[in-house]
Structure formats: structure tokens, C-alpha cells
Amino acid sequence: MLEMNSTLLLEVALDLANSINNEDRFDRLLSSIRKAINCDAVVLLAFQTEQLKPLAIQGLAPDTLGRRFKLDDHPRLAQICSGKHPVRFPSDSTLPDPYDGLLLAKEGDLPVHSCMGLPLYSDNQLMGVVTLDSLQPNAFSDIPERTLQLITALSAATLKTAIQLKALEQRAQQAQELVQELTHEALTRDGGELIGNSPVMLALKSDIQLVAGSDYSVLILGKTGTGKELVARTLHQLSARRQQPLVHINCASIPETLAESELFGHAKGAFSGAEKARPGKFRLADGGTIFLDEVGELPLSVQSKLLRVLQSGEIQPVGKDSVASVNVRVIAATNRDLAEEVRLGRFRADLYHRLSVYPISVPELKDREQDILLLAGFFLEVTARKLGIRQLKLRPDAQASLLDYPWPGNVRELEHVISRASLKASRGSEHQDIISLSAQDLDLDRQADNFQTPATHLAPAENAMPPVDLEGLKTMTETFQKNHIIAALQHSSGNWTLAAKHLELDRANLTRLAKRLGISIEKKVKPQ
């Protein structure tokens, strides 16, 4: 293989200079590497405390971007990270390849092949790595050392520039610059990272960055399973209080008679069973953050005490006449419509306004179509570790099934689906290193049935209405939906985005519904 010449190096540098964002910059870098070195797959990964996070891929399955590779589980990656020089693995190396079964150019297990890794350093600190794979054995053996040095330097400079630009962008948005990355525990625990690049997730991350550095109370709104606890944890980790405690309390799980004591503490003998004094969650969170999950479940009697803490920073333990001062940031979450709860008299209006100084809405998974495979990749990697399986992957039909499903249970449902499907697929496959999940393993049709509202069994009543033809009702509903969508498309001259706006639907949901109803999304619609 020829040594990288100065003309190609200049071409690469100019190409990178024209990049408009980090995603584009990384993609151009990988394309440039493939111009210099013929390979079937190339990956740029960032180093994050004992794990590697893919930033850009070429030649691998799309769910690879959602995976997080723990170095303890992937000896090849660990070896690349352990030194400062390029690592060329022998074609017959017995070390498992982290991308086994993920190469687009090869279905199934990787045969004897070539693998190489380049560690990327800046100021003697490991920033990331570049990995290259080729199905041709010994493909990297004759690459001049000078070529590898140039590619390594170019990749390290690109990654460093991207990191610096990211920091500058954050300061420009008046977000508090991170003094340090999220703690190891927050990054590596299951579901400890906000994964997603969809527009709604980028907007959510922007909101989090904006408000994290303040001491404002935050009210997190979202359906069950969307990840409200993860948002709260991220807000704390990005705040100036990140070295202080984060105390989580599920308000729905506290008996009403013990809610006040649980939050504010009690004196010895304050009530039957209070054999010793207890500090309460607010005292434990002093200096840090308290996360009140399902805050809408708090009884009205406790809501007034919570309001006092927000207004004056004072708590009064049960059974004590004196008050104590605490310095606590309050983050609350609910899946209820608190404004409606206020209207119905079940939640205090003044507390609602105090909690919602900065409301944050967590999007549903059905509105994050671009993130589904990334999240699936993350859960596949986590599940593989739990089950002791070297590699879990999705077949094309499984990917399509995941993208077509509406996800009423949100991210939590996706996690459970992946876990169940992995367990099912691994049954009888104990001797396989790579296990592929099919649409049948996911069994999303049955999953959808579980979310249907169960029929209500009523005793027969006099003058009851005659039985409804349920099949006829279903047909009538679909006909109504179909005609309504067609009318909106005709009114919008075939513009799906405009039609979705008229129908008050997300465009992706509209096209999915149209496909199910048999409406062509490519040809011009005709009146029914």
C-alpha cells in the first residue's frame, strides 16, 4: 500500500475544514481514512471512563452507534487503549472482535480477517480510538508506519477540535461548562446516559444544559417510561451541586400518614412507632438536590409544608416546635396534568407555580423514531453482559419491526422487549457466540395486545343498548381515518408535512398510519 502523500493529506485537511458540524466532520474523517486505507469498516470512538462510545461508523450496522463498549468486556479495544502506538492484530487472533456479526459486508460470524486500532491522544490523555476492519487477511500488514502516524495525528486533531468546538457552543448558549464529565456511576449504570440524536432529544438536552447550572426548581413532565428519573439525574450531574447528594423519593410509594415524616423528619416519640429521631429526606439532601418523583401524588396536607421549603428553605420535623434551614434544589416529576389537578382542587396552585419555574417535557419514544435503533443497540449491549452472551444483534426484520411499532410504553417498554427477546433467542443457543434477534423474538404484536384497554364486564341491564358490531366499528373507524387523511392531503396539495399539521399529528406518525390504512405515501392520492 502506498504511503499517504502530501496531496491527499492536503485534500483531507481542506475537506475537514469545510465541515459544518461534528457529525459531518467525523463522517468526512472516516471517508478520508478509507481513501488512504482500503477497509470494510472504520469506527471513531470516544473514550469515557472504562468504556468507548461510537461517534461515527462506516460499514457497520446502524445500531452500533447506540452501543457502549466496556473495555473489560472487549479485550481488543482494551489492548488498543492500553498503549500509544497503532495495534495490528494477527489475522488469526483468538481475541473476540467487538464488531463480530455487525459488518454490513458480511452476514454472520467474522472469518479470519484483519483488524487494526489507532489510539488518539491529546496532552498525554486518551481521547478515543479509530478501529479498522477488513475481510482480507493481512490487509494492514504493509501499511507504512508514516501513513499510520499521519492518520492518527489527523484523527486526534479532528476529535480534539470537535471537543473544543462543543465546549465553545455550550458557553455561547450560556450553559454552565462542565467542570468534569458525568460520574462513572451515572455513565455506566443501566440507562445512565441520555441517548438520542432526534430533534426532540436535542431540544431536551438543550433545555437541560440551559437550566442545569441554575438553582431553579424544575418540573419534569412526561408519560410513564419516558426517562424522567434519568433527566433528573442528568440535571444534578451537570449542576454545581454534583458533588453533593442526590436524594430520590417516590411520592406515590409513601403512605399518606408518613409522608410528612418521610420528607421533613420527626422527633423521638412524635407518633406511635417513632422510637428514635429521624432527619427526613430534605435534611439528607442539604447542599444537594432532592428529586420528588410522582409529586402529583402528595396529599394536600403535605403540599403546604413543601411550599414552605420552596419559599423560605425551612423545614419543621414532626413533633418539633423549632424549624431548621436547608439549602436544597428541588426537581419534581409527574405523569399527571398538574394544571388540571389544580383546576380540580387536588393540587395547590401556588405550589404548582413554585415547582414549575422551569418545566421540561420528556418526549415519548414514538416521537423519537431516529433514536429507536440507537437505544436498541444500548440495551442489546447491556443485556448481552447480563446474560453472558458475547454478541447480540438485530436482524433486518427485527429492525423494521422496532421502527414500525408505536411504543405506548416508551423507552422502558423497549428495554423490556429487548431483554425478553434476547432471553428467548438465547434459549437453545448456548454454544453460539453471536445471537441474532428476529421480529418473531420481539413478538411486538402480542406486546401491542397487552397495551389494549381490557374489556369491561358489565352485568346486563334493562333497556341496555344492543350489542355493537365490533368488527364493523373497526372498519368504520379506519374508513373515517382514511378519508380524513386523504382530504387533508388534497387540501395540502400532497404535502405530508402540511397535512400532518392540519391533522395535529407528527409527520412520522401520519405516514405510519397512512401505510397501515393502505394510503400510498409516494403516489398522488385520489378521492375514495
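The figures here come from the full heavy-atom set of this structure, side chains too, leaving out hydrogens, waters and symmetry mates.
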For the student: nearest non-hydrogen atoms of A156 and Y121, plus distance: CB-O, 3.8 Å
Rounded distance [0.5 Å steps], CE in M127 versus CG in L55: 10.5 Å
Under 3.5 Å: donor-acceptor pair, side chain of K228, backbone of D293: no
Atom CD of Q149: over 12 foreign heavy atoms under 6.0 Å: yes
L437 and R395: CA distance, side-chain angles, deciding distance, side chain to side chain contact (heavy atoms under 4.5 Å, CB included) verdict: CA-CA 6 Å; L437 307 188; R395 292 181 182 173; over 6 Å; no
H74 versus D97, side-chain donor and acceptor atoms under 3.5 Å: no
Validation row: L148, I37 side chains within 4.5 angstrom (heavy atoms): yes
Heavy-atom closest pair, residues N410 and G225: CB-O, 3.3 Å
R88 vs E145, salt bridge (Lys or Arg N to Asp or Glu O under 4.0 Å): CA-CA, chis, key distance, verdict: CA-CA 11 Å; R88 304 185 222 208; E145 199 67 28; 3.1 Å; yes
Min side-chain heavy-atom separation L103-L60 under 4.5 Å: yes
Least distance between heavy atoms, K281 atom then I290 atom: CB-CD1, 3.9 Å
Distance-only polar pair, side chains of K84 and N124, donor-acceptor under 3.5 Å: yes
Q440, CD atom: more than 12 neighbouring heavy atoms under 6.0 Å: no
Euclidean distance, S155 OG relative to L118 CG, rounded to 0.5 Å: 6.5 Å
Pairwise distance CG(D443) to CG(D445) - rounded to 0.5 angstrom: 7.0 Å
CA sep, side-chain torsions, deciding dist, call: N335, T224, side chain to side chain donor-acceptor pair (under 3.5 Å): CA-CA 6 Å; N335 58 10; T224 300; 2.9 Å; yes
Nearest heavy-atom neighbours spanning A36 and I151: CB-CD1, 4.1 Å
Check against side chain to side chain donor-acceptor pair (under 3.5 Å), S438 and D441: CA-CA 5 Å; S438 67; D441 294 322; 3.2 Å; yes
Closest contact, heavy atoms only, A41 versus G59: CB-O, 4.0 Å
V218 vs V211 side-chain heavy atoms within contact, under 4.5 Å: yes
S114 (side chain) donor-acceptor with N138 (main chain) under 3.5 angstrom: yes
R242 side chain to S239 backbone, donor-acceptor under 3.5 Å: yes
Distance in Å, I57 CD1 paired with L104 CG, rounded so as to fall on 0.5 Å steps: 7.5 Å
K393 side chain vs G377 backbone, donor-acceptor pair below 3.5 Å: no
Whether H236 side chain and Q244 backbone form a donor-acceptor pair below 3.5 Å: yes
Heavy-atom check, side chain of H113 versus side chain of Q136, under 4.5 Å: no
E229 and R233: CA distance, side-chain angles, deciding distance, salt bridge (Lys or Arg N to Asp or Glu O under 4.0 Å) verdict: CA-CA 6 Å; E229 179 185 349; R233 195 161 61 241; 3.5 Å; yes
T147 side-chain N/O to I143 backbone N/O, donor-acceptor pair under 3.5 Å: no
Any R68 side-chain heavy atom under 4.5 Å of V382 side chain: no
Flag, side chain of Q391 to backbone of G101, donor-acceptor distance under 3.5 Å: no
Short side-chain donor-acceptor distance under 3.5 Å, Q58 and D27: yes
Parallel, tilted or perpendicular: rings of H248 and F291 (30°, 60°): tilted
Main-chain N/O of L154 paired with T158 side-chain donor or acceptor, under 3.5 Å: yes
Modelled atom types, side-chain donor and acceptor of Y99 and T131, under 3.5 Å: yes
Min side-chain heavy-atom separation I389-D433 under 4.5 Å: no
More than 12 heavy atoms from other groups under 6.0 Å of NE2 on H416: yes
Other residues, nucleotides, ligands: >12 heavy atoms within 6.0 Å of K223 NZ: no
Exam field: side chain S426 to backbone S422, donor-acceptor pair closer than 3.5 Å: yes
Beyond-backbone contact of L71 with Q51, side-chain heavy atoms, under 4.5 angstrom: no
Exceeds 12 heavy-atom contacts within 6.0 angstrom, atom OH of Y358: yes
Nearest non-hydrogen partners of L442 and A398, listed with the distance: CD1-O, 3.6 Å
Rounded distance (nearest 0.5 Å) linking atom CD of E413 with atom CH2 of W407: 5.5 Å
Short side-chain to backbone donor-acceptor contact, S401 and D397, under 3.5 Å: no
D73 and E381, any side-chain heavy atoms less than 4.5 Å apart: no
